[in-house]
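Here is the naming used below: chain letters follow the sequence lines, and residue numbers restart at 1 for every chain.
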There are 2 protein chains.
Amino acid sequence: MPKKKEDRRVKFTKMFLKESLIDLLEEKSIFKITIKEICENADINRATFYAHYSDQYHLLESIEEEYIEKILNTIDQDALHADSTLNLVTDIVTFIYDNKKMSRILLSDRGDLQFQKRIMALVHDNILSKMKDIEPNSLEKTALISSFVISGCVGVIQNWFDNDLKSSPEEVAKIISDLASVTLNMVH
Amino acid sequence: MPKKKEDRRVKFTKMFLKESLIDLLEEKSIFKITIKEICENADINRATFYAHYSDQYHLLESIEEEYIEKILNTIDQDALHADSTLNLVTDIVTFIYDNKKMSRILLSDRGDLQFQKRIMALVHDNILSKMKDIEPNSLEKTALISSFVISGCVGVIQNWFDNDLKSSPEEVAKIISDLASVTLNMVH
DNA sequence: ATAAATATTATACACAATGTTTATTAAGGA
DNA sequence: TCCTTAATAAACATTGTGTATAATATTTAT
């Protein structure tokens with residue numbers, strides 16, 4: 001982790017660029033956003049942008065990584081309390097809720113599906129590791145079912161946002177937890 | 001349907017452009033593909049492109065529409081035989097299998113998630129319409145569960161492709177059908 | 001088969017974003 | 001403070017965009 005020795009100027013530059021991109025992402029998808037636009041909005045010279053990032057996508061990636069990092073912290077803290085699946089899911093969904101702005105941008109229909117699956121896979125793996133009674137014969141089937149659950153969760157969260165977070169995080173967590181439980185039990 | 005009265009030249013031009021884009025989509029995502037590239041690959045003048053499409057995305061849309069149309073035909077033909085859910089799902093999955101090339105392009109991780117959900121929603125609606133014993137009270141919950149199923153199916157298909165279609169269409173259809181059944185029963 | 005209609009082409013154009021380079025200025029770290 | 005490093009303004013060639021024009025080729029309808 002080469003993090004500590006970063007010049008204050010660099011830190012600020014990166015911060016401004018990220019904030020600028022997040023700003024723009026609230027209006028349109030990453031593919032319609034130009035580097036020039038990001039820089040003008042951040043009041044950062046375009047040459048400076050290229051000193052740190054290769055393109056918009058690279059900058060977005062760094063935003064995604066920060067988000068993932070926070071999710072991982074939530075999971076890790078949960079691991080200490082060693083609670084039920086529902087508690088873990090509730091904490092994740094609550095995190096998503098508490099970080100509405102970023103979550104809406106990163107988890108929307110227009111967002112990066114691969115990234116979204118990655119997040120849900122983190123939770124999924126955690127759940128799977130707890131149910132150790134899995135037969136190793138039907139590997140293909142298990143993989144397909146896992147994909148169903150992982151993508152299913154993406155869909156639930158997106159629908160939740162589409163409906164302007166009408167349900168509470170607890171309700172959503174309960175549904176996700178139940179759905180995951182019912183489907184993963186099909187592995188047997 | 002304004003289809004019959006299209007000049008032969010127009011038909012060929014559109015065909016070449018579509019084939020060219022499909023060609024390019026096998027290598028990279030739509031966002032990295034330029035109009036110039038599509039035209040050179042198709043040996044069609046760039047001005048001609050603009051006579052028919054506004055941009056790459058518009059052209060891709062027309063390809064997606066053709067694909068949807070074929071899926072709809074499959075569903076309609078199934079409606080005549082009025083069979084089980086499994087049969088419908090099997091026919092759809094078999095369609096996807098028989099049209100590997102296009103399916104891989106349109107349904108991949110990098111593809112248009114909104115389009116993918118649209119396809120799965122077509123099947124989902126068909127299934128839901130058959131199970132009429134749904135209580136209209138828990139609407140929120142039903143919507144979330146439906147999202148789970150719809151996105152879940154997207155995930156299963158993508159995983160299937162990622163594993164190079166190892167399982168047979170019948171196996172995949174069986175799993176999808178079972179998963180949909182188990183989860184949708186949770187509505188009660 | 002011919003004429004009228006229409007699609008495609010080659011070419012040119014102004015415009016915008018890209019990615020890189022340069023010299024200069026500003027700010028940070030030791 | 002002094003040395004190092006980052007950010008800036010400015011310029012540049014390159015590439016893709018979207019549009020327009022006149023010339024050419026093909027199709028459709030008569």
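Listed by residue number, the members of residues 29-41 of chain A with any heavy atom below 4.0 angstrom from DNA chain D form an empty set. Across residues 11-28 of chain B, not one residue has a non-hydrogen atom less than 4.0 Å from an atom of DNA chain D. Residues from residues 44-65 of chain A placing a heavy atom under 4.0 Å of any atom in DNA chain C, listed by number, are A:Arg46, A:Ala47, A:Tyr50.
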Show me, pair by pair, the donor-acceptor contacts under 3.5 angstrom made by side chains of residues 48-55 of chain B, not counting sequence neighbours?
{"from": "B:Ser54", "atom 1": "OG", "to": "B:His58", "atom 2": "ND1", "distance (Å)": "3.4"}
{"from": "B:Asp55", "atom 1": "OD1", "to": "B:Tyr57", "atom 2": "N", "distance (Å)": "3.2"}
{"from": "B:Asp55", "atom 1": "OD1", "to": "B:His58", "atom 2": "N", "distance (Å)": "3.0"}

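The shortest distance between side-chain heavy atoms of B:Phe148 and A:Thr183 falls below 4.5 Å. Put simply, the side chain of A:Leu144 reaches to within 4.5 Å of the side chain of B:Ser167, judged on heavy atoms. By the 4.5 Å heavy-atom criterion applied to side chains, A:Gln77 and A:Asp91 are not counted as neighbours. In this structure, A:Val89 and A:Ile127 have side chains that are in contact, with non-hydrogen atoms separated by less than 4.5 Å. Put simply, the side chain of B:Tyr67 does not reach to within 4.5 Å of the side chain of B:Ile63, judged on heavy atoms.
Rounding to the nearest 0.5 Å gives a distance of 9.0 Å between CZ of A:Phe31 and NZ of B:Lys32. Atoms CG and CG, from B:Asn163 and B:Asn159 in turn, are 5.0 Å apart once rounded to the nearest 0.5 Å. For the atom pair NZ (B:Lys70) and CE (B:Met102), the distance works out to 7.0 Å, reported to the nearest 0.5 Å.
Chain B approaches DNA chain C within less than 4.0 angstrom (heavy atoms of the protein), and the contacting nucleotides run 5' to 3' from C:dT6 to C:dA10. Close approach of DNA chain D to chain A, defined as any atom under 4.0 Å from a non-hydrogen atom of the protein, starts and stops at D:dT5 to D:dA9.
Within 4.0 Å of A:Arg9, counting heavy atoms only, lies at least one base atom of the nucleic acid.
Note: the hydrophobic cluster containing A:Val10 does not contain A:Leu59 (ILVMFWY, side chain heavy atoms under 4.5 Å, direct or indirect links).
In A:Tyr97, the OH atom is not crowded: 12 or fewer heavy atoms of neighbouring residues, nucleotides or ligands sit closer than 6.0 Å. In B:Phe16, the CZ atom is not crowded: 12 or fewer heavy atoms of neighbouring residues, nucleotides or ligands sit closer than 6.0 Å.
Of the possible donor and acceptor atoms, one in the side chain of B:Asn99 sits under 3.5 Å from a partner among the backbone N and O of B:Phe95.
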